[in-house]
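To find a chain, count down the sequence lines: A is the first, B the second, and so on, and within it residues start at 1. All values below were derived from every heavy atom in this structure, side-chain atoms included, with hydrogens, water molecules and symmetry-related copies excluded. These numbers come from a predicted model, not from an experiment.
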Amino acid sequence: MTVPKIWIHAESRDSKVATISLELLAKARELADTVEAFHCGDDADTIATELGEHGATTLHSSGDLGGSLPSAPLATALANAISSGEAPDAILFGTTYDGRDVASRLSVKLDVPVITNIEELDADLTGHEQIFGGTVNVKTQIKDASPKIFLVRPKSFAAESVGGSPAAVTTLDSGDVGNTAAAKVINRHEQESSGPKLDEAEIVVSGGRGLGEAEHYGLVENLAEILGGAAGASRAIVDAGWVPYSHQVGQTGKVVKPNIYIACGISGATQHLVGMKSSKNIIAINKDADAPIFSVADLGIVGDVHSVLPKLIEALK
Amino acid sequence: MKIAVCVKQIPDPAEEGSLDDATKTLKREGKLILDDSDAYGVEMALQLADSAGGEVVLVSMAPNGETNGLRTALAMGAESAILVSDPALQGTDALGTAKVLAAALKTASPDLILTATESTDGYTGTVPEQIAELLEWPSVTFAKSITIDGDKVKVERQTEVGYDEVECPTPCVVSVTAGVVEPRYPSFKGIMAAKSKPLEEKTIADLGIDASQIGWEGARQEIVDVAEVPAREAGEVITDEGDAHEKIVDFLKEMKVV
Ligand SMILES: Cc1cc2nc3c(=O)[nH]c(=O)nc-3n(C[C@H](O)[C@H](O)[C@H](O)COP(=O)(O)OP(=O)(O)OC[C@H]3O[C@@H](n4cnc5c(N)ncnc54)[C@H](O)[C@@H]3O)c2cc1C
Ligand SMILES: Nc1ncnc2c1ncn2[C@@H]1O[C@H](COP(=O)(O)O)[C@@H](O)[C@H]1O
């Protein structure tokens, strides 16, 4: 059983489609006869190829927004397209900064709810959300509202190329958005980073408050480097200013799903667990035998990070 | 400058959450407290009001007349509060919540509305932008910092790879990222003063909201199933006797990563 049509929000950086968008395409293909993408930006012709390879037949493009944040112009353009008869059965957004914003504005324009934090979708468009740190699965259906809007968490589905031809690019018209689009980006700041990206690395070593002080995060970075992985963090030490936000793993940070996740001095709060619980293998080092992180660990070490980590680094060198 | 801050009052997150058997939604009974996530918005608003001059008004929606969390934020230094409370609000979804908050915010005529990026108990993260759209205002989400510059705000907006500098004319809605300021603790004097600060209670009828938009009726989403997720198979837990690092090396070797 499939539905006729699903739209997905395509996001890109440097003319490369974001992994989350490809994940959405993979799921949408499973659920619908026709899968189309929409986006804003000046790279429609380039990303149409990659989107097509992953199964999108059309890319609805609102073009470059001249620095406006996307939520108001893109939501307006989508609402216009929908009211002129283009309506899909469902619209999938990734849980990203812009995805959340566009979905929210669109929900008001169409007066339909948004189902958030989705990790699985059934053929009848029932959405699954895991709550209480991933211990309880809740299935939700949208009643009497169409299209159904879902915000999907990254890493919920596996991206898969099916070798389709480039998506046909059509124009999305936002018309007059007025004052709602008045927020403009003046300048962008990007942090330099080396090594694999946190959400793509096969090995992630994360540190938490148990490291004691900012300087000790070097142990985590050191271990990550030796293993060819990326260094992550709990929100506690991001909030404390030890490491930049881009390292944060969890509900409000990155979702990671590496082969190996090593948690050092992290208690395992539900909001941290939702960001890493799907890792294939989890190793935890914590001096408190009752720390919740041990409930998801394949190998748990009850011990002091200051003694275990230096020895581990030495042994691996 | 009049700054309105949306503050949600939630069950103490330190206590284990549970679902109501009948409605399958989060239980929200008993005393509610100020959502930690909103304490950052309150602090940010107080700092802006201090530097640019102005007042801070709080807006909250709760079905049960709860004022405990609002009193905490008043004790931090906000001038006044509006609480929308009505038994009919039981079961309201995010879109309905945004409709109620937008209507209440309108009555306060603020120049700037601050929210958190997501609440601790609901974490839909959709309410801030929904409010902005309902008011037909521009908005900036995920603010790390805000400065007021005449009739616009300058915001550092967090991104995947760093941050963007964003400018936005007021009135607008800005959602504030957790951890970016240090929320002040209410002083004893603040706590005493909060007891007599104006706290206006409004009902759905006061705001002219159609009852079909809110509560169980208005929520067009239905939880159809709740099930426990099979627990991850328990792993091996050992106590470090000085050689635990060898265990980890063995494990990594088994996984063929070293
Ligand atoms: C809305 C919301 C969103 C959130 N989003 C996130 C998120 O995205 N990511 C996230 O991580 N958190 C998030 N949190 C915060 C989360 O609830 C926890 O507060 C946080 O994860 C705790 O970080 P921690 O484990 O480093 O610190 P703590 O909970 O303080 O744990 C430190 C651990 O270190 C151990 N320890 C201490 N000393 C040593 C030592 N010498 N050797 C070994 N172990 C030691 C202790 O036993 C303890 O278990 C969020 C919270 C809210 C309300
Ligand atoms: N009932 C409420 N009362 C006041 N503010 C709220 C309420 N619900 C949500 N908000 C605001 O909107 C933010 C995002 O909430 P949510 O969309 O539920 O994640 C919260 O952090 C609050 O700032």
Stepwise side chain to side chain contact (heavy atoms under 4.5 Å, CB included) test for Ile285(A) and Asp240(B):
CA-CA 9 Å; Ile285(A) 308 167; Asp240(B) 181 30; over 6 Å; no

Region of [X] that comes under 4.5 Å of a non-hydrogen atom in chain A:
X         : value
Val224(B) : both
Ala132(B) : both
Phe251(B) : side chain
Thr117(B) : both
Ala98(B)  : neither
Ile131(B) : neither

Quick one: are [X] and [Y] in side-chain contact, heavy atoms under 4.5 Å?
X         : Y         : result
Glu202(A) : Val257(B) : no
Thr124(B) : Leu151(A) : no
Pro310(A) : His245(B) : no

If I take atom [atom1] from residue [X] and atom [atom2] from residue [Y], how far apart are they, to the nearest 0.5 angstrom?
X         : Y         : atom1 : atom2 : result
Leu106(A) : Thr126(B) : CG    : OG1   : 12.0 Å
Gln221(B) : Gln141(A) : CD    : CD    : 11.5 Å
Ile248(B) : Lys311(A) : CD1   : NZ    : 11.0 Å
Asp101(A) : Ser175(B) : CG    : OG    : 7.0 Å
Leu19(B)  : Ile131(A) : CG    : CD1   : 4.0 Å
His189(A) : Gln158(B) : NE2   : CD    : 14.0 Å

Identify which part of Ile142(A) has an atom lying under 4.5 Å from any heavy atom of chain B, answering side chain, backbone, both or neither.
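The answer is both parts of Ile142(A).
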
May I ask you to decide whether [X] forms a salt bridge with [Y], counting only side-chain N to carboxylate O separations under 4.0 Å?
X         : Y         : result
Arg188(A) : Asp164(B) : yes
Arg100(A) : Glu129(B) : no
Lys247(B) : Asp298(A) : no
Asp111(A) : Lys99(B)  : yes

Candidate pair Leu69(A) and Val140(B), rule side chain to side chain contact (heavy atoms under 4.5 Å, CB included), full reasoning:
CA-CA 8 Å; Leu69(A) 292 180; Val140(B) 187; 4.2 Å; yes

Is it the case that atom CG in Asp243(B) sees more than 12 heavy atoms from other parts of the structure closer than 6.0 Å?
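More than 12 within 6.0 Å, yes.
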
If every non-hydrogen atom of Gln130(B) is compared with every non-hydrogen atom of Ser107(A), which pair is closest and at what distance?
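Heavy atoms of Gln130(B) and Ser107(A) come nearest at NE2-OG, 2.8 Å.
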
Grab the two heavy atoms, one from Ala178(B) and one from Asp239(A), that are nearest each other, plus how far apart they are.
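Heavy atoms only, the tightest pair is O-OD1, 3.9 Å.
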
Pair Thr180(A), Glu133(B): side-chain N/O donor-acceptor within cut-off below 3.5 Å:
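Judged by distance alone, the side chains do not pair up.
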
Hey, which of [options] has the most heavy atom pairs under 4.5 Å with chain A?
options                                    : result
Val180(B), Thr239(B), Val258(B), Val127(B) : Thr239(B)
Glu136(B), Glu156(B), Glu233(B), Glu160(B) : Glu160(B)
Gly122(B), Pro230(B), Ala94(B), Pro169(B)  : Pro169(B)
Leu95(B), Leu135(B), Leu252(B), Val161(B)  : Val161(B)
Ser139(B), Ala231(B), Cys172(B)            : Ser139(B)

Would you say Arg232(B)'s side chain and Lys277(A)'s backbone share a donor-acceptor pair under 3.5 angstrom?
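At least one qualifying donor-acceptor pair exists.
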
Whether the side chain of Asp93(B) engages the backbone of Pro113(A) through a donor-acceptor N/O pair (distance < 3.5 Å, no angle test) should be reported.
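Such a contact is absent between Asp93(B) side chain and Pro113(A) backbone.
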
In terms of heavy-atom pairs under 4.5 Å with chain B, which of His128(A), Glu190(A), Glu129(A) leads?
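Highest number of heavy-atom pairs under 4.5 Å: Glu190(A).
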
For chain B, find which of Ile313(A), Val296(A), Leu198(A) contributes the most heavy-atom pairs closer than 4.5 angstrom.
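Greatest number of close heavy-atom pairs with chain B: Val296(A).
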
When you look at Glu222(B) and Thr140(A), which way does the side chain to side chain donor-acceptor pair (under 3.5 Å) test go after all the steps?
CA-CA 5 Å; Glu222(B) 185 184 16; Thr140(A) 304; over 6 Å; no

Trace of the side chain to side chain contact (heavy atoms under 4.5 Å, CB included) decision for Gln130(A) with Val229(B)
CA-CA 8 Å; Gln130(A) 295 197 348; Val229(B) 176; 3.8 Å; yes

In terms of the angle between their ring planes, are Tyr97(A) and Phe142(B) parallel, tilted or perpendicular, with boundaries placed at 30° and 60°?
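Taking Phe142(B) first and then Tyr97(A), their aromatic rings stand perpendicular (interplane angle over 60°).
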
